[in-house]
Number of protein chains: 2
Amino acid sequence: MTEDIEVLIADDHPLFRNAISEALTNTQTLVHVSQADSLESTLQRLNEGNIDLVLLDLKMPGSEGLLGLIQIRNQFPEVAVAVVTANEAGRTLAQVKAAGALGYLPKSMALEDLVSALDGLLRGTPFYPEGLNQGVDSQDDVEAIRKLATLTPQQQRVLALIARGFLNKQIAYELDVKETTVKTHVSEIFRKLDIYNRTQAAMYNQYLEVPE
Amino acid sequence: MTEDIEVLIADDHPLFRNAISEALTNTQTLVHVSQADSLESTLQRLNEGNIDLVLLDLKMPGSEGLLGLIQIRNQFPEVAVAVVTANEAGRTLAQVKAAGALGYLPKSMALEDLVSALDGLLRGTPFYPEGLNQGVDSQDDVEAIRKLATLTPQQQRVLALIARGFLNKQIAYELDVKETTVKTHVSEIFRKLDIYNRTQAAMYNQYLEVPE
DNA sequence: ATTCGCCTCCTACGGAAGTAGGAGACGGGT
DNA sequence: ACCCGTCTCCTACTTCCGTAGGAGGCGAAT
């Protein structure tokens, strides 16, 4: 279709999408911009093909934290993804890095820095800010999150309630299904996460909620 | 006995105890210094009486994190405590504040700043550094840690193993006691923390391990 | 000398958790 | 038309959890 580089901006803040879009026009590369405001619409646009680079906000409706990133990397390994986020904690940076993102752009960056970073990203050059603390457990973290990404939406809901200490009975009431159904989900969660009780599941779920 | 202000330096680093002791001699107040290198010896010295101010390191043998602070505040509410630590994370600061500490002294402080801060503390003036992020959940956190502080050592061990997803049977093997004993501890833990299952207990335990 | 906190262990029981295996319904994709 | 993933629900069974209530030993404090 086009010879431009296709960029998808995935962020739930319209203002910020415009700001990044603006920055992209100042790069030395011809780009064509698509936008998405949720993980769902992001995946949908990716399915339509032709995307070269995704600029992804980690805090979006549909899936908080790293789940979205991993999901995209799983389903579209050939698409470059750079994370754009307000969260500047070092732990997240390490996770993003190990999860295979091409770059990490703090929202606090100066515009000119952003432009030059984008310039590099469009040419396939990784970009990571310096000076941020390196997390330690990044490899284990990413492995954990990769497993979490295999859970179906309903299973993720069940897991979240397990992590709040809910009984199967309470979870059933909350999700308006039978307790036997919950048990089915629970067993499947254990199988996917390679664990054998709900307390371990609760700890696992931490990975999705800690990043503030 | 003496009319000096009695200061107890509780830190497991001898060098640092000396540094603080040195800083104290440069203040405008007459002080008498005691030292302790563990939570146990700190509490012991407090029991002997006459302490006006404790300069407490949060990372000491015997009890990591905020547990030591809460314990001291519980047993000796009339003694002023200022926390001295290498950990500069905002979350900890908020917790320390809400836990009733008189001040928070980062180990990275310049000597002259330290002296003036100590001068204030000796006169009962609170000291908290500026520019550190305020944690959000501080009140709930402190309430949680206050409850955790009521656990006996063995109960804390059991809790830590629960948080790793261990079965009662495994915990029994690990601590070399019978499973029935573990069950007794578990029930008591639930009563003290005001919860009703081990998954909630595991989440509770996070407060003791997250602060790095 | 007695009290108190902590740790240990027991029986007995009801309820919850977790597994195994099967089954029907729906929707999307090939 | 068919497969596949997801969600739903079921029975039956074992194991684990958690509570209740009691009991003995031990060390520290009063």
Side-chain angles (χ1 to χ4, degrees), chain A residues 40 43-44 46-49 62-63 71 74-75 148-204, chain B residues 40-41 43-44 46-49 62-63 71 74-76 148-204:
Chain A
E40 202 180 351
L43 292 172
Q44 188 179 333
L46 283 167
N47 264 316
E48 295 169 8
S63 173
Q71 224 162 314
N74 278 349
Q75 294 182 35
L148 284 165
T150 69
L151 298 182
T152 67
Q154 189 75 329
Q155 285 165 3
Q156 293 180 17
R157 270 172 233 126
V158 170
L159 177 58
L161 295 174
I162 286 177
R164 287 207 238 157
F166 281 39
L167 304 177
N168 286 338
K169 194 180 298 186
Q170 294 174 308
I171 296 173
Y173 176 79
E174 202 73 25
L175 299 180
D176 196 29
V177 297
K178 295 297 176 190
E179 188 179 347
T180 55
T181 304
V182 174
K183 285 190 176 186
T184 305
H185 287 313
V186 169
S187 287
E188 188 60 25
I189 290 170
F190 293 170
R191 218 165 295 142
K192 286 184 176 177
L193 299 186
D194 203 27
I195 56 183
Y196 56 91
N197 68 49
R198 61 179 46 225
T199 302
Q200 294 177 318
M203 305 314 283
Y204 237 97
Chain B
E40 203 180 349
S41 54
L43 292 172
Q44 189 178 331
L46 283 168
N47 264 317
E48 295 169 10
S63 173
Q71 225 162 315
N74 278 347
Q75 293 182 36
F76 307 93
L148 284 165
T150 69
L151 298 182
T152 67
Q154 189 75 329
Q155 286 166 1
Q156 292 181 17
R157 269 171 234 127
V158 171
L159 177 58
L161 295 174
I162 286 177
R164 289 207 237 158
F166 281 38
L167 303 177
N168 286 338
K169 194 179 299 183
Q170 294 173 308
I171 296 174
Y173 176 80
E174 201 72 24
L175 299 181
D176 195 28
V177 296
K178 296 296 177 191
E179 189 179 347
T180 55
T181 304
V182 174
K183 286 188 176 185
T184 305
H185 287 313
V186 170
S187 287
E188 188 59 24
I189 290 170
F190 293 170
R191 219 166 295 141
K192 285 184 176 176
L193 299 185
D194 203 24
I195 56 182
Y196 56 90
N197 69 49
R198 60 179 45 223
T199 302
Q200 295 176 318
M203 306 312 284
Y204 237 97

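All values below come from the heavy atoms of this structure, side chains included, with hydrogens, waters and symmetry mates left out.
Between B:H185 and the phosphate of C:dT8, there is a side-chain N or O to OP1/OP2 separation shorter than 4.0 Å. For D:dC10, the OP1/OP2 oxygens have a side-chain nitrogen or oxygen of A:T180 closer than 4.0 Å. At the phosphate of C:dA16, neither OP1 nor OP2 sits under 4.0 Å from any side-chain N or O atom of A:Q170. A sub-4.0 Å separation between OP1 or OP2 of D:dT19 and a side-chain N or O of B:K183 is absent. Between A:S187 and the phosphate of C:dG18, there is no side-chain N or O to OP1/OP2 separation shorter than 4.0 Å. Contact annotation: B:N168 does not reach the phosphate of D:dC16 (side-chain N/O to OP1 or OP2, under 4.0 Å).
Residue A:Y196 places its OH atom among more than 12 non-hydrogen atoms of other residues, nucleotides or ligands, all under 6.0 Å distant. The neighbour count for A:K178 NZ, taken as heavy atoms of other residues, nucleotides or ligands under 6.0 Å away, does not exceed 12.
In this structure, A:T150 and A:T181 both approach DNA chain D, and ranking their closest nucleotides by distance from the 5' end singles out A:T150. If you find the closest nucleotide of DNA chain C to B:E179 and to B:T152, the one lying nearer the 5' end belongs to B:T152.
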- Residue pair B:H185, B:T181: steps toward the side-chain contact (heavy atoms from CB on, under 4.5 Å) verdict: CA-CA 6 Å; B:H185 287 313; B:T181 304; 3.8 Å; yes
- Going through the checks in order, is the side-chain contact (heavy atoms from CB on, under 4.5 Å) test met by A:T152 and A:K192? CA-CA 10 Å; A:T152 67; A:K192 286 184 176 177; 3.9 Å; yes
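Per the geometry, CZ belonging to A:F190 stands 10 Å off P belonging to C:dA17, to the nearest Å. Taking atom CD on B:E188 and atom C1' on C:dC4, their separation rounds to 14 Å, with Å as the unit. One interatomic measurement links the two molecules: CZ of B:F166 to C1' of D:dT15, which rounds to 19 Å at whole-angstrom precision. The distance from atom OH of A:Y173 to atom P of D:dT8 is 17 Å, rounded to the nearest whole Å. Put simply, CD1 on B:I171 is 8 Å from P on D:dC17, counting in whole angstrom units. Nucleotide C:dG18 holds its C1' atom 14 Å from the NZ atom of B:K169, rounded to whole Å. We find that CG of B:L159 is positioned 12 Å from P of D:dG18, with the value rounded to whole Å. The CG-C1' distance, from A:L151 to D:dC7, rounds to 15 Å in whole Å.
Side chain A:T184 to base D:dC7: no donor-acceptor pair is found below 3.5 Å.
Using a 3.5 Å distance cut-off with no hydrogens or angles, the side chains of A:R198 and A:N168 do pair a donor with an acceptor.
With D:dG18, D:dC7, C:dG18 as the candidates, the nucleotide lying closest to the side chain of A:R198 is C:dG18. Picking from C:dC10, D:dT8, D:dC7 the nucleotide with the shortest atom distance to the side chain of B:K178 gives C:dC10.
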